[in-house]
Amino acid sequence: MGRLDSKVAVITGAASGIGRATARRFAAEGANVVVADFDEKAGPEVAKEIGGLYVQVNVADEASVVAMYDKTVEVYGGIDILFNNAGISPADDDSILTTGLEAWRRVQEVNLTSVYLCCKYGIPHLQRRGGGSIINTASFVAVLGSATSQISYTASKGGVLAMSRELAVQFAREKIRVNALCPGPVNTPLLIELFAKDPERAARRLVHVPMGRFGEPEEIAGAVLFLASDDASFVTASTFMVDGGIHGAYVTPL
């Protein structure tokens, strides 16, 4: 038996990177996976590969999020796991001195408001199942300050972390677990694109990883699987660091 047999999981941002790796892992563990993404090309491809359901969604739009869950319930009958993973990290989100208000708001909408919406309308579905697991993607930057700033991204992930703790406490007695996943830098298209435009910034970040490398999406997916499964039945309100040791480092090995 798989660790997620008969479970229904909705994964936002599932067309690429961590979301795609997690969709594959969940499916391999027996889950019915909803590949929720805005990408009408890659999303259906991932869903076809894993035998899941593709639902196009704009995670920052209330009606779109509600429709995503309605479609999931129509096809699978209910929902057990939410992996709220969609996010952006655009180049115009930089130092607070140079980041414009439009860029600030765009990142907040996609990275933070989306998690609010996905939890607001997803939690009632978990309540109907008598419990479930929510994993919200925050970041290691939610607990550390960076001199190579992405001010709105950092603030949004801090918000995800705080919101996840509060939801975990509020709904713990209803057997709904909520954890904030805090990945370090991961080899995803998002990070590769960002660092390709600024190799110096990439080098400055890599030097702080004790393991000496960035993570791989499959490594993060393994952590998400643990949090989604009954193996983590006593884990909630956690700041779940999967960052190669960055948060614990003062200096890195030679």
Side-chain angles (χ1 to χ4, degrees), residues 4 7-29 31-93 102-103 105-122 125 134-137 139 152-153 156-157 160 181 183 186-197 216-218 220-221 224-225 228:
L4 301 181
K7 301 294 186 182
V8 178
V10 178
I11 302 175
T12 64
S16 65
I18 293 169
R20 179 173 61 185
T22 302
R24 289 169 171 165
R25 189 70 188 272
F26 277 18
E29 294 287 344
N32 295 306
V33 179
V34 175
V35 176
D37 205 288
F38 197 69
D39 189 333
E40 290 187 280
K41 182 178 186 298
E45 291 173 355
V46 174
K48 181 179 180 180
E49 174 193 339
I50 66 171
L53 170 70
Y54 169 68
V55 177
Q56 187 182 37
V57 63
N58 175 358
V59 291
D61 180 80
E62 187 173 21
S64 186
V65 170
V66 171
M68 171 184 73
Y69 289 136
D70 286 347
K71 184 63 177 179
T72 299
V73 172
E74 176 189 331
V75 174
Y76 293 122
I79 304 169
D80 304 285
I81 300 163
L82 310 178
F83 180 30
N84 299 319
N85 170 69
I88 59 172
S89 180
D92 56 354
D93 178 18
E102 190 279 329
R105 286 174 171 162
R106 186 170 74 254
V107 172
Q108 293 297 315
E109 284 290 300
V110 177
N111 290 6
L112 181 56
T113 300
S114 71
V115 176
Y116 156 79
L117 290 172
C118 288
C119 289
K120 177 179 178 64
Y121 293 106
H125 291 289
I134 300 173
I135 305 100
N136 295 325
T137 299
S139 170
S152 189
Y153 181 90
S156 72
K157 295 303 185 179
V160 169
L181 179 76
V186 179
N187 278 325
T188 64
L190 193 68
L191 182 112
I192 292 168
E193 179 184 2
L194 179 68
F195 286 169
K197 295 176 180 176
E216 296 298 330
E218 292 75 18
I220 310 303
V224 183
L225 172 62

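Here the structure is a predicted model, which means the values were calculated and not measured. Values below: every heavy atom of this structure, side chains too, minus hydrogens, waters and symmetry copies.
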Next on the checklist: Is there a side-chain contact (heavy atoms from CB on, under 4.5 Å) between Val57 and Phe38? Walk through the geometry before answering.
Outcome noted: CA-CA 5 Å; Val57 63; Phe38 197 69; over 6 Å; no
Checklist entry - Do NZ/NE/NH1/NH2 and the carboxylate oxygens of Glu109 and Arg105 come within less than 4.0 Å? => result no
Next on the checklist: To check you understand the geometry: which heavy-atom pair defines the closest contact between Pro217 and Gly17, and what is its length?
Outcome noted: CB-O, 3.8 Å
Checklist entry - Taking atom types as modelled and ignoring hydrogens, do the side chains of Asn58 and Ser64 form a donor-acceptor contact shorter than 3.5 angstrom? => result no
Next on the checklist: Testing the 3.5 Å rule here: is there a donor-acceptor pair between the side chains of Gln108 and Ser152?
Outcome noted: yes
Checklist entry - Going by the salt bridge (Lys or Arg N to Asp or Glu O under 4.0 Å) test, which pairs reach into residues 8-18, not counting sequence neighbours? => result none
Item to check | Arg25 and Glu218: CA distance, side-chain angles, deciding distance, side-chain contact (heavy atoms from CB on, under 4.5 Å) verdict | outcome: CA-CA 8 Å; Arg25 189 70 188 272; Glu218 292 75 18; over 6 Å; no
Item to check | Distance-minimising heavy-atom pair for Ala15 and Asp39 | outcome: CB-CB, 4.2 Å
Checklist entry - When rounded to the nearest 0.5 angstrom, what is the spacing between CG in Asn136 and CG in Leu112? => result 10.0 Å
Item to check | Donor-acceptor under 3.5 Å (Asn111 side chain, Ile88 main chain) | outcome: yes
Checklist outcome for this item: Taken in chain and number order and not counting sequence neighbours, the residues that satisfy side-chain hydrogen bond (donor to acceptor under 3.5 Å, both in side chains) with Asp70 are none
Next on the checklist: Is the shortest side-chain heavy-atom distance between Tyr153 and Pro90 below 4.5 Å?
Outcome noted: no
Checklist outcome for this item: The complete set of salt bridge (Lys or Arg N to Asp or Glu O under 4.0 Å) pairs with one or both residues in residues 71-81, sequence neighbours excluded, reads Lys71-Glu74, Asp80-Arg129
Next on the checklist: Could you measure the distance from the OG1 atom of Thr22 to the CD atom of Glu29? Nearest 0.5 Å is fine.
Outcome noted: 12.0 Å
Checklist outcome for this item: All heavy atoms of Ile18 vs all of Pro183, minimum pair found to be CD1-CG, 4.3 Å
Checklist entry - Within the side chain of Asn85, is there an N or O that forms a donor-acceptor pair under 3.5 Å with the backbone of Thr12? => result yes
Item to check | salt bridge (Lys or Arg N to Asp or Glu O under 4.0 Å) partners of residues 56-65, not counting sequence neighbours, each pair once | outcome: none
Item to check | All pairs passing salt bridge (Lys or Arg N to Asp or Glu O under 4.0 Å) where residues 44-59 contributes a residue, at least two apart | outcome: Arg24-Glu49, Lys41-Glu45
Item to check | Residue from Val65, Val160, Ile134, Ile135 passing side-chain contact (heavy atoms from CB on, under 4.5 Å) with Asn84 | outcome: Ile134
Item to check | Check ion pair Asp92-Arg106 (N to O, under 4.0 angstrom) | outcome: yes
Checklist entry - Are Phe26 and Asn32 close enough that some pair of their side-chain heavy atoms sits under 4.5 Å apart? => result no
Next on the checklist: On a heavy-atom basis, which atom in Cys118 and which in Leu82 lie closest, and how many Å separate them?
Outcome noted: O-CD1, 3.8 Å
Item to check | Which atom of Ile81 lies closest to which atom of Lys7, heavy atoms considered | outcome: CD1-CB, 4.0 Å
Next on the checklist: Taking ring pair (Phe, Tyr, Trp, His ring centres under 6.0 Å) as the cut-off, I'd like each qualifying pair that reaches into residues 50-70, sequence neighbours left out, listed once.
Outcome noted: Tyr69-His125
Checklist entry - Hey, mind stepping through Ile11 and Val33 against side-chain contact (heavy atoms from CB on, under 4.5 Å) and telling me if it holds? => result CA-CA 7 Å; Ile11 302 175; Val33 179; 3.9 Å; yes
Checklist entry - Given the rule in the side-chain contact (heavy atoms from CB on, under 4.5 Å) test, do Leu53 and Val35 qualify, once you have shown the distances and angles that lead to the verdict? => result CA-CA 6 Å; Leu53 170 70; Val35 176; over 6 Å; no
Next on the checklist: So, taking the atom named CZ in Phe83 and the one named CG in Leu181, what distance separates them when rounded to the nearest 0.5 Å?
Outcome noted: 5.5 Å
